[in-house]
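Scroll down for the structure; my scribbles are underneath it.
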Amino acid sequence: MKYYAPKGLSDILPEEIPYWHAVEGEVRSAMSSYNYREIRTPMMEKTEVFARGVGEDTDVVSKEMYTFDDKGGRSMTLRPENTASVVRAYLEHKFFGKEELSKWYYVGPMFRYEAPQKGRSRQFHQYGAEAIGSDDPALDAELITLAIDILTSLGLEDVGLKLNSIGCPADREDYIEELVSYLEPKQEGLCADCQERLTTNPLRILDCKNETCQEIVKDGPVMTDHLCEDCQVHFDEVKSYLGELEVDYVIEPKLVRGLDYYTKTVFEVFSEDLGAQDALVGGGRYDGLVELFGGEPTPAVGFAGGIERLVLLLEELERVSHSGEGLDLYVATIDEESKKVAVKIQRELRKVGLITEVDYLGKSLQGQLGYADRYDAKYTAILGPRELEDDELTLRNMESGDQIKVSLDNYVEDIGKRITD
RNA sequence: AGGAGCGUAGCUCAAAGGCAGAGCACUGGGUUGUGGUCCCAGUUGUUGCGGGUUCGAUUCCCGUCGCUCCUCCCA
């Protein structure tokens with residue numbers, strides 16, 4: 001074969017589509033119950049939207065962006081995530097003046113240039129929600145329950161919630177200072193990446209998987225001990241709301257997340273049933289992002305979930321039903337004369353909503369019945385010289401094998417009634 | 001970016017230097033106009049690509065492309 005889809009970009013084939021529809025359907029229905037409205041932003045932005053919004057030193061920006069120059073010489077980037085675009089759109093269309101709290105959701109493709117593996121591809125799909133305009137901890141809890149409700153309504157039960165607070169920028173500054181002064185004397189023991197991170201992004205050392213780094217970090221300062229009173233109260237309130245909502249969680253002090261814009265609450269929902277890439281949903285509060293883009297200081301919180309990973313789980317659980325996709329009626333024909341009548345009959349029945357098919361492969365009657373069987377046809381109409389002679393068709397119930405004659409004068413009503421029973 | 005594994009029929013996989021096979025699927029027949037089960041027959045190949053070793057390579061070697069999984073990070 002000469003042509004392949006580019007590495008990391010894959011086709012979603014017809015047989016997988018039921019899973020996608022199941023996920024997208026649950027997402028839309030949950031979002032709408034929670035009163036989030038859909039927004040669709042462009043699939044690409046000027047590179048600086050992500051570079052500034054997500055943060056220059058993050059993995060996403062520093063090594064995973066699909067960036068190219070357009071014909072006007074502008075640097076463009078396929079969106080690696082959608083929060084930066086949503087905030088850009090919020091400001092561009094001046095929603096701060098239109099509504100006090102903007103609750104939006106999105107579903108669509110994202111792009112990150114990485115080596116593909118299970119649960120990770122270069123084009124992948126996320127659903128996500130953003131609530132811009134409130135610092136109420138109850139809103140943090142709402143986003144978390146929204147994320148979890150989508151998963152449980154799809155039938156997933158073995159999901160866990162990791163929760164942490166990384167405080168406000170001032171808290172982080174204090175904490176980073178202390179972390180760095182704790183780590184500097186031990187610098188030699190850190191892995192090469194972490195020695196680099198010590199100057200670029202010390203927080204990321206916390207979730208380095210390297211064992212010796214973990215050993216060193218284990219006895220170091222903990223973020224949640226360095227929250228200012230405001231952030232501490234907020235964190236406590238989030239936990240208290242989650243308690244009220246009976247949501248189980250684990251406090252994960254080392255959860256810092258890969259994007260620079262987060263403040264206060266951060267969380268991750270994961271599954272034990274996935275491979276190495278087990279994060280299903282990630283999110284948190286980003287009180288500084290609107291201001292970073294030039295708006296008034298505006299608190300906000302959101303999350304994003306990966307559809308591919310959900311589909312993987314649903315396929316393993318076989319939770320999605322494939323029934324109801326068969327044909328209502330197959331119209332089998334014997335000769336050219338009957339085929340001409342068959343296409344007219346088929347069109348009339350399709351107009352009333354039946355799923356029908358005729359033979360386009362020149363199959364024998366036997367072959368046509370085999371085809372009807374394979375595609376789970378409820379009924380097969382048989383049309384040949386004998387039927388045309390009497391101005392009727394033979395209607396075969398494919399389950400029982402019973403056959404009756406139906407007049408060509410009122411077949412639409414007659415057949416329609418039998419099939420919808 | 002690094003590590004490991006795998007590329008043979010439409011699909012799932014055998015053949016381990018000596019005639020490229022099986023199951024499923026597909027087509028026809030048993031049924032001159034009737035599916036599912038059954039029986040019979042038939043079709044299907046640049047063994048990913050290029051080179052090397054050999055009398056002979058799907059098999060061994062080198063290269064290359066592709067896929068998959070893993071490390072890192074994340075959705």
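Chain A is the first sequence line, chain B the second, and so forth, proteins listed ahead of strands; every chain is numbered from 1.
- Nucleotide B/G17 is matched to nothing when pairs are restricted to Watson-Crick or G-U wobble geometry with both distances under 3.5 angstrom.
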What N/O pairs connect the protein and nucleotides 4-12 of chain B at under 3.5 Å? Give each pair on its own line.
none

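- Nucleotide B/G5: paired with B/C67 (Watson-Crick or G-U wobble, both distances less than 3.5 Å).
- Classified by its glycosidic torsion, B/A15 falls in the anti category, the angle being over 90° from 0.
- Residue A/Gln366 has a polar side-chain atom (N or O) positioned under 4.0 Å from OP1 or OP2 of B/G35.
- Across all strands shown, the partner of B/G50 is B/C62, judged by Watson-Crick or G-U wobble contacts whose two distances both fall under 3.5 Å.
- In the interface, the side chain of A/Gln117 is not paired with the base of B/C67 through any donor and acceptor atom under 3.5 Å apart.
- For the pair A/Arg374 and B/C26, the criterion of a side-chain N or O lying under 4.0 Å from OP1 or OP2 is met.
- Taking a pair to require two hydrogen-bonding distances under 3.5 Å in either a Watson-Crick or a G-U wobble arrangement, B/C73 remains unpaired.
- One donor-acceptor pair, N or O on each side, does fall under 3.5 Å between the base of B/A75 and the side chain of A/Glu114.
- Applying the Watson-Crick and G-U wobble criteria (two distances, each under 3.5 Å), B/G35 pairs with nothing in any strand.
- Rounded to an integer number of Å, the gap from A/Lys7 NZ to B/A1 P is 8 Å.
- When each of A/Ile251, A/Val238, A/Leu227 is paired with A/Ser165, the side chain to side chain contact (heavy atoms under 4.5 Å, CB included) condition holds for A/Leu227 and for no other.
- To the nearest angstrom, C1' of B/G35 lies 9 Å from CG of A/Leu365.
- Base-pair partner of B/G42: B/C26 (Watson-Crick or G-U wobble, both distances under 3.5 Å).
- One atom, CG of A/Asp390, and another, C1' of B/G33, lie 14 Å apart when rounded to the nearest Å.
- The base of B/G36 lies outside donor-acceptor range of the side chain of A/Asp373, with no N or O pair under 3.5 Å.
- Evaluation of atom-type donor-acceptor distances gives no pair under 3.5 Å for the side chain of A/Gln368 against the base of B/G33.
- Using a cut-off of 4.0 Å between Lys/Arg side-chain N and Asp/Glu carboxylate O, A/Arg52 and A/Glu48 are scored as not salt-bridged.
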